[in-house]
Amino acid sequence: MEIKAIVVDNSEDLKEKLTTILKNMDGVTVCGSFDDAVAAMQYIEENPVDLVFSDVVMPEISGITLASSIYSLPNHPEVVLLSGIPGFSLEAWKIRAFGFIVKPYTTAQIRQMVKTYQKARREGILDRDIVFTE
């Protein structure tokens, strides 16, 4: 099962780190990485995407706002939000994001989130229940 993913983060270093982690995973294709939510949303509207990894704190449009916009689309991808501020997990829960990972994240956490998504998709249970990792 191939997963098409994108990464959204205004930090170049973190964007590259996450992109590299995902590219090194079997069954995951990174279709793009974006510095801002506007460019990411445009890509999502024009291309099939399964999973979006997005930073929460970004200039202009936050990852929370991006996720809300994504979830308003028909056949939307799932969103995993990433933040160094654990309090944002409540906001992720409110919009029913697929997952929330506290920064600094590890490769193991990203791998586990992808495995959780694969399992949910395989079992047909993508009901947008939030998944937390520590």
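Computation of the quantities below employed the complete heavy-atom set of this structure, encompassing side-chain atoms and omitting hydrogens, waters and symmetry-equivalent molecules.
The shortest distance between side-chain heavy atoms of Cys31 and Tyr43 falls below 4.5 Å. Residues Val114 and Met25 meet the side-chain proximity criterion, which asks for heavy atoms closer than 4.5 Å. Taking 4.5 Å as the limit, some side-chain heavy atom of Pro77 sits within range of a side-chain heavy atom of Ile70. Side-chain atoms of Leu66 and Val38, non-hydrogen and from C-beta on, never get closer than 4.5 Å to each other. The closest side-chain heavy-atom distance from Glu78 to Val52 is not below 4.5 Å.
Side chain of Glu2 to backbone of Thr29: a donor-acceptor contact under 3.5 angstrom is found. When atom types are taken as modelled, the side chain of Ser62 and the backbone of Met58 share no donor-acceptor pair closer than 3.5 angstrom. Using modelled atom types, one side-chain atom of Gln109 and one backbone atom of Thr106 make a donor-acceptor pair closer than 3.5 Å. Side-chain atoms of Ser68 come within 3.5 Å of backbone atoms of Ile64 as a donor-acceptor pair (strictly under, hydrogens ignored).
Across all non-hydrogen atoms, the minimal contact from Gly63 to Ser54 is CA-OG, 3.7 Å. Ser83 and Ile85 get closest at one heavy-atom pair: OG-N, 3.0 Å.
Tracing side-chain contacts under 4.5 Å through hydrophobic residues (I, L, V, M, F, W, Y), one never reaches Ile61 starting from Val57; they form parts of separate clusters.
Counting heavy-atom neighbours within 6.0 Å of Gln42 CD, excluding the residue itself, gives a total of 12 or less. Lys15 NZ: more than 12 foreign heavy atoms inside a 6.0 Å radius. Within 6.0 Å of CD on Glu46 lie more than 12 heavy atoms contributed by other residues, nucleotides or ligands.
For the atom pair CD1 of Ile95 and OG of Ser69, the computed distance is 9.5 Å after rounding to the nearest 0.5 Å. The line from CD of Gln118 to CE of Met113 is 12.5 Å long, rounded to the nearest 0.5 Å. Summarising the geometry, atom CG belonging to Asn10 is positioned 5.5 Å from atom CG belonging to Asp55; distances are rounded to the nearest 0.5 Å. The CZ atom of Arg111 sits 9.0 Å away from atom CG of Leu22, with the distance rounded to the nearest 0.5 Å. The OG1 atom of Thr19 sits 8.5 Å away from the CD atom of Glu12 when rounded to the nearest 0.5 Å. One distance of note links CD1 of Ile101 with CD of Gln112; it measures 9.5 Å at 0.5 Å rounding.
Here the rule is ring-ring contact (aromatic ring centres under 6.0 Å, His included) with Phe98, and of Tyr71, Tyr117, Phe53 only Tyr117 fits it.
A salt bridge does not link Lys17 to Asp9: none of the charged side-chain nitrogens sits closer than 4.0 Å to a carboxylate oxygen.
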